[in-house]
There are 2 protein chains.
Amino acid sequence: MLPERNTPKAKRTRQAVLNAALALFQERGFEATTMRDIADRASLAVGATYYHFRTKDEIVLALYGATLDAAEAWVRELTRSTPDFAVRLRGAIDQALAQLAPCRPFLGHLAGHVFIPGSPLSPFSSESAAMRERAMAIMGSVVEGSTLKVAGEFRPHLQRLLWLYQMGITSYWISDRSPQQRNTQRLLSLTVALVTKLFAVTRVPILRQANGLILSALELGTGRLEQAA
Amino acid sequence: MLPERNTPKAKRTRQAVLNAALALFQERGFEATTMRDIADRASLAVGATYYHFRTKDEIVLALYGATLDAAEAWVRELTRSTPDFAVRLRGAIDQALAQLAPCRPFLGHLAGHVFIPGSPLSPFSSESAAMRERAMAIMGSVVEGSTLKVAGEFRPHLQRLLWLYQMGITSYWISDRSPQQRNTQRLLSLTVALVTKLFAVTRVPILRQANGLILSALELGTGRLEQAA
DNA sequence: TTTGTGTCTTGAACGTGTTCAAATATAGTG
DNA sequence: CACTATATTTGAACACGTTCAAGACACAAA
């Protein structure tokens, strides 16, 4: 029952560790930063750090999770300002990336764990599950009340699909070495348009016959996600 | 300049290590098997093991690579026996999974690293570049001389796309907990049909306008894969 | 003030993957 | 066979993530 202590002192110390870790990760990367380094910079002993965070990875996860708060607020604004689906989708992802920018250099080490469901490797699957839920809920708000055109039977899968799409973009962005990550921007422009069109196409009568196939596949895939342990 | 020694003795020792590792991974999993265990079982000192494999991960990679030999032979047979694209694709993937079956329990470890950019275990990394090439070449043979219908401009991307598809299926299979991995079989049936139809649809005139968009996105994506270091 | 009960902190110690200088085996050459 | 160079092996040592028993601290009740 270690995590999420709520005494004021614990909160302060948690924050101190996060600050130290973020600074060090940015300075020298994830691998090159040892738990002893983090503890030192936070003026603590190693053991104390482990009192507040179960593992080194959990620190990264906490840093990542902090950005979700901002993302949720931002999307509330965004959905109020426009119903245009493409604009909303692009805006949500842009904002998420901007938020994550300081973490970009070391985020690669977490990316895999975050979105590989049921990976026996990841000891935080329950923690990352909570974040998945939050991130998917954000995509839910993007869709809700938007101009999106899509065959009705896809609605229940939309937030999962869009979340997957965002994950893909994010993982591209993480290893995008072009200046200012321009390639990610270009890929975003292309694929946001593509995704929008693709959804629209699901309503074309002649193509509609394939929807059943797609849905079955989606449901199978979803089943796996649910059982993630 | 450590790897790939070609003296007969080195080859024998490499094989002994692989045998020991495979047995231990199957008995108790990847994490629970220490390098000392592997060395012991292979009647070697730890250092000797590291003389033949740079890291523990490289052992997994070698075990995985061993299956490619069989896959290549099998696909040569398969393409001779039928030109039907769907049958070939399904056959190639089925065979690959059957081949990997003994490794399934601990391949999850590999799967976790699949999407971590820069991880030596990632299929995008330079370490596994050779294997990637071979696996993609196999998909090339599946397409070549097959009944596949697809818009010509996609041809250059086919083997990469199909390889990605296979990766997706494999990663699903790895964490598929249904008995006999039935869900994977069902997903395969659905998606092989889907993929075939999807390719065919790229030739429909009305939809053809989106092909440019898709191709641009593909090329951007490809760029990243090339530069993976 | 003293005692008691939780909340934090400490740092030595453990297990793991990995490295390395030194020792040994092997093979090629005179 | 002896000599040399290269290929292989050894096991102690290292660094890092992690654990844990013991202690320090805060603060309420007596």
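Residue numbering restarts at 1 for every chain, and letters A, B, ... go by the order of the sequence lines.
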- Query: Just how far, in rounded Å, is P of dA22(C) from OH of Tyr50(B)?
  - Reply: 22 Å

- Against the side chain of Ala10(B), the closest entry in dC8(C), dT8(D), dC16(D) is dT8(D)

- For Tyr51(B) and dT6(D), what is the distance between atoms OH and C1' respectively, to the nearest whole Å? 8 Å

- Query: CZ of Phe53(A) versus P of dT18(D): gap in Å, rounded?
  - Reply: 13 Å

- Under-3.5 Å donor-acceptor pair between Arg54(B) side chain and dT19(C) base: no

- Message: Evaluate Arg28(A) against Leu24(A) for side-chain contact (heavy atoms from CB on, under 4.5 Å), listing each step before the verdict.
- Response: CA-CA 6 Å; Arg28(A) 46 179 105 156; Leu24(A) 286 167; 3.5 Å; yes

- Message: Side chain of Thr55(A) only, heavy atoms from C-beta on: which candidate in dG17(C), dT10(C), dT18(D) is closest?
- Response: dT18(D)

- Message: Students often get this wrong, so: under 4.0 angstrom with heavy atoms, is Thr49(A) touching a base, only sugar-phosphate, or nothing?
- Response: nothing

- Query: Between Ala48(A) and Ser43(B), who's closer to the 5' end of DNA chain D by nearest nucleotide?
  - Reply: Ser43(B)

- Message: Would you call the rings of Phe85(B) and Phe199(B) parallel, tilted or perpendicular, taking 30° and 60° as the class edges?
- Response: perpendicular

- So what does Thr33(B) hit on the nucleic acid, given a heavy-atom distance under 4.0 Å: a base, only sugar-phosphate, or nothing? sugar-phosphate

- Item | Thr13(A) or Ala32(B), whichever maps to the more 5' nucleotide of DNA chain C | Thr13(A)

- Message: For Met35(B) and Lys9(B), find the nucleotide of DNA chain C closest to each by heavy atoms; which residue's nucleotide sits nearer the 5' end?
- Response: Met35(B)

- Item | side chain to side chain contact (heavy atoms under 4.5 Å, CB included) partners for Glu144(B), two or more places apart | none

